[in-house]
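These notes are about the structure you will find just below.
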Amino acid sequence: MPIHILGTGSYAPEKVLTNHDLEKMVETNDEWITTRTGIRQRHIAADHEATSDLATHAARMALEASGLAADDLDLIFVATCTPDMAFPSTATLVQENIGAQNAIAMDLSAACTGFVYGLEVARNMLECGRYKTALVIGAEKMSSIVNWEDRGTCILFGDGAGAVVMSSEAGGQGGIGPCNLGSNGALGELLMVPAGGSRRPVDAQVLIERSNTICMAGQEVFKHAVTNMTQTAKHLLAEAGWDPSELNLVIPHQANKRILEAIRIRVGVPKNNVYVNVDKYGNTSAASIGIALDEAVRSGRLHPGDKVMLLAFGAGFTWGGMLLEWRTPES
Ligand code: COA
């Protein structure tokens, strides 16, 4: 049973934090950040905005684009590593906000790979035939877990949300194809938020150490991101029997422009066929692919017949990719 994407949506908070703004906060400069990462600015949520608020904006846009009503939704998944709170889930908060009373809702935790994991879980549940429609959202308020005194990490991250509505019924534009996912818990310590969970709840010492914020071995993460996303891309191309030159658009997790270029060269994707918006948003973790996909759709970048690859990598480590074939809605 083919599963389709019916509509996409995205949201970035109003406040923009530029590299020049960061120069006033930590010992860094625009040239260093731009050269090493490709990031020029990131969006930062207001104090009163939580992840569910960002997710709700993206969800409403995706629903409107899909032509479905909130009542039509059977599943709502929110991929996030910055939930509003431990429970209730961010997905149930979104369910209430949009009035999707017939849906079941839950969160998924796979860090920056969460959106692709969410698409695959939803696809499989739709293929089973018991559910017909799903809303998958990647949403993050990364600014809430960033150490704003650590120049090695605070320059990288931003806030935002991206969403898709999927259906098992005909009519969608994005036909969902093969997916390949992986995890390796042995490397978890290279990218983590060490405290703030049940292992080490927040106490005075945690706040002094700031160990409830992101800790990262940047160069190690860089290497594993390139290796795992390259392998995933090659695996998916082999499975589909596609040549890399046939890929009209690769939409990778937006971590670092140099990571994206290294993957592009290793996989053999044509120069302008990798979607890059990390300059505008920074790394929005689980939100990044959804935001980029929505931008690509709304800017007319995708056409019937286009072959698209989503590629992700994140803490865990986790990684994954998915192929899409763009169609005219009726075909
Ligand atoms: N501004 C200026 N200098 C900085 C800096 C900043 N924001 N951050 C680090 N530096 C300094 C370091 O202190 C170091 O100085 P030293 O040589 O005097 O010790 C120097 O720049 C090089 O640091 P290094 O960490 O080796 O830089 P890098 O080229 O590896 O770039 C990252 C750092 C974080 C940009 C890069 O490793 C990266 O992007 N890694 C992947 C991170 C990622 O994508 N994580 C999420 C995955 S989902």
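One-based numbering, in listed order, for ligands and for the atoms of each.
Classified by interplanar angle (parallel below 30°, tilted 30° to 60°, perpendicular above 60°), the ring pair Y11/H57 is parallel.
Atom 34 (C) of ligand 1 is approached by the protein to below 4.0 angstrom, counting heavy atoms only. Protein heavy atoms are found less than 4.0 angstrom from atom 11 (C) of ligand 1. Within the 4.0 angstrom cut-off, atom 19 (O) of ligand 1 has no protein heavy-atom neighbours.
The 12-atom threshold is exceeded at CZ of R301, counting heavy atoms of other residues, nucleotides or ligands nearer than 6.0 Å. Enclosure of atom CD in E246 by more than 12 non-hydrogen atoms of other residues, nucleotides or ligands within 6.0 angstrom is indicated. Within 6.0 Å of CD in E127 there are more than 12 heavy atoms belonging to other residues, nucleotides or ligands. E189 CD: 12 or fewer foreign heavy atoms inside a 6.0 Å radius.
In this structure, atom 30 (O) of ligand 1 lies nearest to the protein heavy atom Q219 CG, 3.1 Å. Protein heavy atom nearest atom 45 (N) of ligand 1, with residue, atom name and distance: M216 SD, 3.3 Å. At the top of the distance list for atom 15 (O) of ligand 1, counting protein heavy atoms only, stands R151 NH2, 4.2 Å. Among protein heavy atoms, atom 47 (C) of ligand 1 sits closest to V221 CG1, 3.6 Å. With hydrogens left out, the protein atom closest to atom 40 (N) of ligand 1 is G218 O, 2.9 Å, a heavy atom. Nearest non-hydrogen protein atom to atom 8 (N) of ligand 1 is W32 CH2, 3.3 Å. Counting only heavy atoms of the protein, atom 44 (O) of ligand 1 lies nearest to A255 CB, 3.4 Å. For atom 28 (P) of ligand 1, the closest non-hydrogen atom on the protein side is R36 NH1, 3.6 Å.
Each of the following atoms of ligand 1 lies closer than 4.0 Å to a heavy atom of N283: 46 (C), 48 (S). For ligand 1, the atoms lying closer than 4.0 Å to a non-hydrogen atom of F313 are 48 (S). Set against the non-hydrogen atoms of T37, the atoms of ligand 1 under 4.0 Å away are 35 (C). When each atom of ligand 1 is checked for a heavy atom of I155 under 4.0 Å away, the hits are 7 (N). For ligand 1, the atoms sitting less than 4.0 Å from at least one non-hydrogen atom of H253 are 48 (S), numbered in the order shown with element in parentheses.
Considering only heavy atoms from C-beta on, H303 stays 4.5 Å or farther from W326 through its side chain. Side-chain contact between T213 and V146: absent, with no pair of heavy atoms (C-beta onward) separated by less than 4.5 Å. By the 4.5 Å heavy-atom criterion applied to side chains, L17 and M25 are counted as neighbours. In this structure, the side chains of R42 and D159 stay at 4.5 Å or more apart for every pair of heavy atoms.
For the residue pair D53/T56, the side-chain donor-acceptor check at 3.5 Å is not satisfied.
Residues K15 and E49 are not paired through a salt bridge, judged by the lack of any N-O separation under 4.0 Å between the basic side chain and the carboxylate. A salt bridge is absent between E261 and R258; no separation between the charged side-chain nitrogens and carboxylate oxygens falls under 4.0 Å.
With hydrogens and angles disregarded, a donor-acceptor distance shorter than 3.5 Å links the side chain of N124 to the backbone of E120.
For ligand 1, the polar-atom distance check finds an N/O of T28 within less than 3.5 Å of one of the ligand's N/O atoms. Between N256 and ligand 1, a contact under 3.5 Å exists for at least one N or O pair. Ligand 1 has no nitrogen or oxygen under 3.5 angstrom from a nitrogen or oxygen of C112.
Look at I33 and you'll find every heavy atom at least 4.0 Å from all atoms of ligand 1. Proximity of A225 to ligand 1 is not established, as no heavy-atom distance is less than 4.0 Å. Distances from ligand 1 to the non-hydrogen atoms of I259 include at least one value under 4.0 Å.
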